[in-house]
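One structure is given below, encoded as structure tokens.
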Amino acid sequence: YGLSLDTQGNILANTASALNIINPKTLEIKKFVNPKVISNEISDEGRPVLQTHDGNIWIATAEGLWLFDSITKHFQIFDSLSEPNSLSNNNITALTEDSQDNLWIGSQNGLNRMNLKSFAVSKYYLDSKNKESPNTNFIRSVREDRDRKIWAGTNGGGLFRLSLDSGFKILEQNNFVNAGQNAGNL
């Protein structure tokens, strides 16, 4: 299951049946089941869950990205069919918020940047010549460093350091070629 902390120190648990918010002091569990999910499953396989600075909670699934509005307690889906703000792929594998109020969304096929104010989505492919590249464009992890550069770990294509200062640019790639059988996996 995907776990993280919210801004009040509660544990966010992305489980097979619901979003659970657990108070670690009292062990009280608040369970939020998405009524829009027919199978009653928000996620599986330990997919990430993240609370952004605005208090909203983002839930990664194999069927898209769910936004849980912490005020209204309602769910909203973002997926590859959500026009005009569609994602590059529905299989969401990584989430992080950067210092510029963007949500970075790693997927099975591409990296997405969502503006948290407008929900506008930009899609990026680390192997732009082959957008269906199963190794390089399968994003497993994404983080921002102190210099506001984005790092993306892939499923066999290596680790990438990215810059958006003057357009999308790959600054560095490391394939870890001497890492044995897991070379390139991060």
Inset, instruction - Mind checking the CG-OG1 spacing from Asn90 to Thr61? Nearest 0.5 Å is all I need. - result: 7.5 Å
Inset, instruction - Side-chain contact test, heavy atoms from C-beta onward, threshold under 4.5 Å: evaluate it for Phe68 versus Val49 and give yes or no. - result: no
Inset, instruction - Would you kindly confirm whether Trp104 and Leu116 end up in one hydrophobic cluster when ILVMFWY residues are joined by side chain heavy atoms under 4.5 Å apart? - result: no
Legend entry - Audit row: Thr52, Asp54, side-chain hydrogen bond (donor to acceptor under 3.5 Å, both in side chains) steps and yes/no: CA-CA 5 Å; Thr52 49; Asp54 56 9; 2.5 Å; yes
Inset, instruction - Indicate yes or no: at least one non-hydrogen side-chain atom of Val142 is less than 4.5 angstrom from one of Trp151. - result: no
Inset, instruction - Decide yes or no for Leu103 and Arg113: does some side-chain heavy atom of the first lie under 4.5 Å from some side-chain heavy atom of the second? - result: no
Legend entry - Interatomic distance, Asp98 atom CG to Glu144 atom CD [nearest 0.5 angstrom]: 4.5 Å
Legend entry - Thr72 versus Asp69, closest heavy-atom pair with distance: N-OD1, 3.0 Å
Legend entry - Nearest-0.5 Å distance, CG of residue Leu111 to NZ of residue Lys123: 12.0 Å
Legend entry - Derivation and outcome, side chain to side chain contact (heavy atoms under 4.5 Å, CB included), residues Asn85 and Phe119: CA-CA 7 Å; Asn85 298 316; Phe119 298 126; 3.9 Å; yes
Inset, instruction - Check the hydrophobic clustering (I, L, V, M, F, W, Y; side-chain heavy atoms under 4.5 Å; chains of links allowed) and say if Tyr125 and Ile105 are grouped together. - result: no
Legend entry - Reported NZ-to-CG distance for the pair Lys30 and Leu12, which is rounded to 0.5 angstrom: 11.5 Å
Legend entry - Co-membership, hydrophobic cluster, residues Leu65 and Ile57, 4.5 Å side-chain: no
Legend entry - Least distance between heavy atoms, Ala94 atom then Arg140 atom: CB-O, 3.7 Å
Inset, instruction - Starting at CG of Asn20, measure out to CZ of Phe32 and round the result to the nearest 0.5 Å. - result: 9.0 Å
Inset, instruction - List in chain and number order the residues that pass side-chain contact (heavy atoms from CB on, under 4.5 Å) with Lys25, two or more places apart in sequence or in another chain; answer none if no residue qualifies. - result: Asn23
Inset, instruction - Assess the side chains of Asn91 and Ser107: does a donor N or O sit below 3.5 Å from an acceptor N or O? - result: no
Inset, instruction - Find out if a path of hydrophobic residues (ILVMFWY) with successive side-chain heavy-atom gaps under 4.5 Å connects Leu87 to Leu95. - result: yes
Inset, instruction - For the residue pair Asn14 and Pro48, establish whether any side-chain heavy-atom pair is separated by less than 4.5 Å. - result: no
Inset, instruction - Taking all non-hydrogen atoms of both residues into account, name the closest pair between Ser70 and Gly55 and its distance. - result: OG-O, 2.8 Å
Inset, instruction - Using atom types as modelled and distance alone, determine if a side-chain donor or acceptor of Asn155 lies under 3.5 Å from a backbone N or O of Phe138. - result: no
Inset, instruction - Start with the C-alpha distance between Leu50 and Ile59, add both sets of side-chain angles, then the distance that settles side chain to side chain contact (heavy atoms under 4.5 Å, CB included), and finish with yes or no. - result: CA-CA 7 Å; Leu50 174 74; Ile59 305 161; over 6 Å; no
Legend entry - Check: His53 and Glu97 side chains under 4.5 Å, non-hydrogen atoms: yes
Legend entry - Any donor-acceptor N or O pair under 3.5 Å, side chains Ser80, Ser86: no
Legend entry - Reported CD1-to-CG distance for the pair Ile29 and Asn10, which is rounded to 0.5 angstrom: 11.5 Å
Inset, instruction - Taking atom types as modelled, find out whether Thr93 and Gln108 have a side-chain donor-acceptor pair closer than 3.5 angstrom. - result: no
Inset, instruction - Indicate the atoms forming the closest heavy-atom contact of Gly64 with Asp79, along with that distance. - result: CA-CB, 4.1 Å
Legend entry - Parallel, tilted or perpendicular: rings of Phe75 and Trp66 (30°, 60°): perpendicular
Legend entry - Electrostatic pair Asp101:Lys117 at N-O distance under 4.0 angstrom: yes
Legend entry - Joint hydrophobic cluster, Ile92 plus Val121, side-chain heavy atoms closer than 4.5 Å: yes
Inset, instruction - Starting from the C-alpha separation in whole Å, work towards a yes-or-no answer on side chain to side chain contact (heavy atoms under 4.5 Å, CB included) for Asn112 and Ile139. - result: CA-CA 10 Å; Asn112 304 269; Ile139 308 300; over 6 Å; no
Inset, instruction - Give the intermediate values and the outcome of side chain to side chain contact (heavy atoms under 4.5 Å, CB included) for residues Met114 and Asn102. - result: CA-CA 5 Å; Met114 178 185 284; Asn102 294 302; over 6 Å; no
Inset, instruction - Please answer whether the main-chain N or O of Asp147 pairs with a side-chain N or O of Asp145 as donor and acceptor at a distance below 3.5 Å. - result: yes
Inset, instruction - Begin from the C-alpha positions of Asn109 and Ser88 and carry the test side-chain hydrogen bond (donor to acceptor under 3.5 Å, both in side chains) through to its verdict. - result: CA-CA 6 Å; Asn109 189 29; Ser88 62; over 6 Å; no
Inset, instruction - Taking the six-membered ring for Trp and the full ring for Phe, Tyr or His, determine whether the centres of Trp58 and Phe78 are under 6.0 Å apart. - result: yes
